[in-house]
Structure formats: C-alpha cells, structure tokens
Amino acid sequence: MIKDHQEVKKDDILMVLQSTANFKDVLKLKKIIDSISPKMIFTFPLNEASKFKLGELQGDYNNFAKAFQDEKLFTRLQPYAPENLATSQSLTEYNSRIATLKQQLHLENAKYDLSKKNFQRSQTLFEQGVISKMEVENEKIKFLQAEQNLKNINISLSQLQEGISNLRKTKSGVAINTEKDKISYSSQTLQLFEQLRKSLKQWEQNYLLTSSTNGTVSFTQFWGENQFVKSGEIILSVLPQNKEAIVGRMLVPATNSGKIVTGQKVLIKLDNYRYQEYGIVQGKVQNISLTPDEKGNYYVDIILSNGLKTSYNKTLPFDKELKGNAEIVTQDLRLIERFFYQTRKLLGYQT
C-alpha cells in the first residue's frame with residue numbers, strides 16, 4: 001500500500017498479507033462496525049454487508065446476520081400480538097357481560113324482595129283463612145324461583161370474575177414472554193456483534209501492517225506485491241517525525257555489571273561517525289534491568305542530556321537508529337590513584 005521513504009500517518013495501512021477474504025470488503029465492514037454503537041445496532045446495513053467476501057470472518061458474520069434478522073423479524077411480526085389481542089378482547093367481553101349481569105342482579109333482587117313479601121303475606125292470609133293452601137303454595141313457588149334466579153346470577157358473576165382473573169394471568173404471561181424473548185434476541189444480536197468486532201480486530205492483527213506513528217517508511221529489503229514473508233521477519237520500519245527526545249540503550253555483559261549505578265557517565269562512540277573525527281557523545285545512566293536476558297546481558301537506559309552534541313561541539317544529525325559502542329565510567333580516578341590501583345593489583349598477583 002506504500003512505497004519506500006513515503007510519509008505515513010498513524011494507523012495508515014502499510015501492507016496487507018494475503019488471506020481468503022477480500023481485504024477491501026473487510027475494511028468496509030470494519031468502517032461500518034466502528035461507526036455503529038451498541039445502542040444503534042438496528043441501523044446495521046445488512047443488505048450492503050451481505051455482499052462482502054469475508055473469508056475467515058464469514059462464519060462470525062453469518063452468525064451475527066442470522067441473529068440480526070431474527071430480531072428484526074420478531075420485532076416486525078410480533079408473534080405474541082394475536083394472543084395478546086385475543087385476551088384483551090375476551091376481557092372486554094367478560095367485563096361487558098358482568099355489567100349486564102349486575103343489572104340483572106339488581107332486578108332479581110327486587111323480584112326476590114317482592115316475592116318474599118307476597119309469600120309472607122299469603123301465609124298470614126292463609127292462617128286467617130282468607131285464601132286457600134294452593135294459593136300459598138303458588139306464592140312459595142314464585143319465591144323459590146326468584147331465590148334460585150338470584151343464586152344463578154351470583155354463580156355466573158363468580159364464574160365471569162374467575163375467567164377475568166385467568167385472562168389477566170394469561171395477558172401478564174404474554175407480556176412477560178414478549179419481553180423475555182425481546183431481551184433474548186437483543187442480547188444474542190449484541191453478543192454476536194461484539195464477537196464479530198473482536199474477530200475483525202484479530203484479523204487486522206494477523207493480516208494488516210499499520211503504522212503506529214507519524215513518520216517515514218523505510219524498507220529493510222526490496223518489496224513488491226505477491227512476495228512471501230516469514231513469521232517474525234522484519235519487513236519495514238517507520239521512522240517517527242518526533243525526534244525531540246533521543247535516548248540510548250545498551251546491552252551490558254554481566255561482568256562488572258554490579259558497579260553500574262544511576263547517574264554514571266557514559267561515553268558513546270557511534271559507528272556512523274568516527275569518534276576521532278566527530279568526537280564522543282556523552283550521556284548518563286538512567287536505570288539498569290534487575291535481571292539479565294537469556295544471554296546474560298543487562299539492559300541499561302541512557303539519558304542524552306545534550307542530545308547528539310559531541311565532545312568536539314558538533315551536533316550529529318539523527319536520521320535513523322544509530323549503533324555503536326559505549327563505555328560506562330564506573331569510577332573517576334586521579335592519575336596517582338590509578339597508579340596505586342595498578343601497583344596494588346600487580347603486587348596482589350605476585351604474592
């Protein structure tokens with residue numbers, strides 16, 4: 001995607017490794033997913049994305065697409081709506097019948113009261129010998145019929161109220177199941193959406209080389225399209241534009257590493273600039289690693305207080321990584337101290 005010595009910006013795509021996916025389609029899908037928040041997931045352009053060739057990502061995309069369609073279908077069809085509507089209509093009918101029965105109950109109560117009075121009055125007249133026993137019995141039959149009608153209406157009212165209670169339970173169950181399925185579809189879609197986002201990140205790490213900073217591209221060898229690369233192979237470097245802070249890093253063998261402490265002077269001789277001609281760059285020890293690497297070397301960070309200004313007052317240009325050798329001054333000894341140090345060492349060897 002770039003040429004040697006080309007200026008690039010952070011997150012620019014530098015190279016694409018071959019995969020079974022069309023990388024342009026993958027980048028389009030990534031752009032779509034990055035622009036959609038979880039709350040706006042229903043705006044996902046399924047018709048557009050379904051045409052993409054996603055290779056290794058196809059399985060995760062298909063799972064998400066199916067969940068997305070299922071949720072949209074559930075929202076559009078509302079499978080619980082007919083049952084909910086039927087329950088609501090039944091409740092309306094039941095309430096209407098109850099209202100009618102209550103009116104009938106009022107009338108039957110009035111009839112019951114009248115028949116009861118007539119029966120009591122006929123009993124008195126019978127005892128006085130004014131009417132016959134048959135007439136008393138007829139009034140009693142009317143009274144019993146009125147009492148039975150009253151009981152029947154009360155039974156019907158009780159049954160209707162029980163039916164309303166059952167309908168309300170059904171309606172509540174429908175509402176619970178609707179919300180339950182809605183949450184289930186929504187969470188499934190969101191979960192698979194995030195899985196697709198995660199898989200996209202993994203695909204980027206496996207197949208895309210992107211710039212981590214603004215800078216200039218430097219190839220380590222000649223590259224072109226359709227060339228093979230090995231795992232772990234250095235393909236290119238991006239030299240950052242920000243060169244304000246220059247630091248030094250040293251590999252120090254374990255021998256005498258115990259003498260190194262923070263703040264000690266470091267004398268640096270660079271391979272690119274002969275120290276006899278350009279001079280020596282000076283720095284200070286910033287810190288040293290606590291443990292050595294597998295080869296027994298310690299890592300030491302160096303602060304270059306004066307940058308690349310040398311002992312000859314020349315400021316060296318910094319274009320890329322500079323390599324060389326450095327010496328850490330662990331002790332500043334006067335000439336007489338150096339003489340006695342060497343003498344003591346020699347005498348110790350002789351004895």
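- Without hydrogens or angle criteria, D12 side chain to K9 main chain gives a donor-acceptor distance under 3.5 Å.
- At least one donor-acceptor pair under 3.5 Å links the side chain of N206 to the backbone N or O of Q202.
- Figure legend: cation-pi geometry between K269 and Y275, with NZ or CZ positioned under 6.0 Å from the six-membered ring centre and within 45° of its axis.
- Under the 4.5 Å side-chain heavy-atom criterion for ILVMFWY residues, no single connected hydrophobic cluster contains both I268 and Y312.
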(request) Would you check, one step at a time, whether the test side-chain contact (heavy atoms from CB on, under 4.5 Å) holds for Y299 with R249? (result) CA-CA 7 Å; Y299 289 87; R249 288 177 177 166; over 6 Å; no
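- Looking at N63, its side chain does come within 3.5 Å of a backbone N or O of G59 through a donor-acceptor pair.
- The main-chain N or O of A86 is found under 3.5 Å from a side-chain atom of S90 such that the two form a donor-acceptor pair.
- Both tests hold for K314 against Y278: distance to the six-membered ring centre under 6.0 Å, angle to the ring axis within 45°.
- The CZ atom of F119 sits 3.5 Å away from atom CD of Q123, with the distance rounded to the nearest 0.5 Å.
- Proximity of the aromatic rings of F64 and F44 is defined here by a centroid distance below 6.0 angstrom, and this criterion is met.
- Of the candidates Q148, Q104, K102, I153 forms a side-chain contact (heavy atoms from CB on, under 4.5 Å) with just one, namely Q104.
- Under the 6.0 Å cut-off for aromatic ring centres, F68 and F42 do not qualify, their centroids lying 6.0 Å or more apart.
- Of the listed residues (E194, K66, E71, Q69), just one forms a side-chain hydrogen bond (donor to acceptor under 3.5 Å, both in side chains) with T189, and that residue is E71.
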